Amino acid sequence: KQEVTQIPAALSVPEGENLVLNCSFTDSAIYNLQWFRQDPGKGLTSLLLIQSSQREQTSGRLNASLDKSSGRSTLYIAASQPGDSATYLCAVMRNRDDKIIFGKGTRLHILP
Amino acid sequence: GAGVSQTPSNKVTEKGKYVELRCDPISGHTALYWYRQSLGQGPEFLIYFQGTGAADDSGLPNDRFFAVRPEGSVSTLKIQRTERGDSAVYLCASSPRRDAGSVQYFGPGTRLTVL
């Protein structure tokens with residue numbers, strides 16, 4: 001059974017710092033991995049999607065890496081801003097027709 | 001452009017009552033998903049529609065939960081004899097198709113509270 005774990009559960013950092021959020025998954029036979037952002041009372045916004053054949057994806061100040069063999073992914077946020085404060089969720093799709101399994105998320109707070 | 005919308009945004013009901021939650025996907029999206037998110041948890045898959053048919057309902061917790069999508073667009077999640085443990089945010093998502101390269105677009109959710 002696929003399980004997704006995110007560490008830390010919560011993180012507070014001063015504005016301007018670079019930071020890394022971690023995600024691990026127990027079954028390396030994944031088809032893709034996504035990072036989502038969730039703001040309070042809002043739905044999820046997909047930030048980055050990494051196919052199993054890829055090692056990383058970048059969008060602006062965000063960079064996500066994937067190491068399938070070790071069952072790990074990281075989301076790197078450069079030059080953090082107060083507007084980055086949100087919950088970040090990692091999710092994996094085990095194969096093409098399988099459902100997405102989410103982690104519990106990391107609650108990020110950027111201190112002005 | 002219009003995203004995924006869900007109504008109501010909040011629903012408070014009493015134990016034992018019947019509720020319906022509605023999802024309007026992005027126009028033209030054939031795939032539609034329902035998830036349930038409890039406090040402090042990530043979303044958990046409930047059911048997936050491809051067009052009008054439920055292609056995967058393995059996440060529905062029991063037979064009190066049922067979902068329909070009769071015309072391949074709007075979907076309704078129905079919960080009978082609600083229990084306090086059903087309290088959660090119910091999220092709907094749609095995508096142009098269901099495959100590994102297709103991003104799911106999420107609605108804001110319906111917060112269900114069962115008293």
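Reminder, nothing fancy here: chain letters follow the sequence lines and each chain counts from 1. Since the structure is predicted, the reported quantities are computational estimates derived from the model, not experimental observations.
Evaluation of the ring pair (Phe, Tyr, Trp, His ring centres under 6.0 Å) test over residues 36-81 of chain A, restricted to residues two or more places apart or in two chains, returns A/Phe36-A/Phe102, A/Phe36-B/Phe106.
Note that CD of B/Glu44 is 11.5 Å distant from OH of B/Tyr35, once rounded to the nearest 0.5 Å. Rounded to the nearest 0.5 Å, atoms CG (A/Leu33) and CG (A/Leu48) are 10.0 Å apart.
Heavy atoms closer than 4.5 Å to chain A are found nowhere in B/Gln6, neither backbone nor side chain. With a threshold of 4.5 angstrom between heavy atoms, B/Ser58 approaches chain A through side-chain atoms but not through N, CA, C or O. Both the backbone and the side chain of A/Leu44 come within less than 4.5 Å of a heavy atom in chain B. For a residue to count as touching a neighbouring chain, one of its non-hydrogen atoms must lie under 4.5 Å from one of that chain's; by this rule A/Gln38 touches chain B with the side chain only.
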Decide salt bridge (charged side-chain N to carboxylate O under 4.0 Å, His left out) for A/Lys1 and A/Asp27; before the verdict, give the C-alpha distance in whole Å, the side-chain angles of both, and the deciding distance to 0.1 Å. CA-CA 7 Å; A/Lys1 178 185 174 184; A/Asp27 186 343; over 6 Å; no
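Ranked by non-hydrogen atom pairs under 4.5 Å with chain A, the options B/Cys92, B/Gly107, B/Gly42 are led by B/Gly42. Chain B forms more heavy-atom pairs under 4.5 Å with one residue of A/Lys104, A/Gln6, A/Lys42 than with any other, namely A/Lys104.
In the hydrophobic clustering, where aliphatic and aromatic side chains (Ile, Leu, Val, Met, Phe, Trp, Tyr) are joined below 4.5 Å either directly or transitively, B/Leu60 groups with B/Val19, B/Leu21, B/Leu32, B/Trp34, B/Leu46, B/Ile47, B/Phe49, B/Phe65, B/Leu77, B/Ile79, B/Tyr90, B/Leu112, B/Val114.
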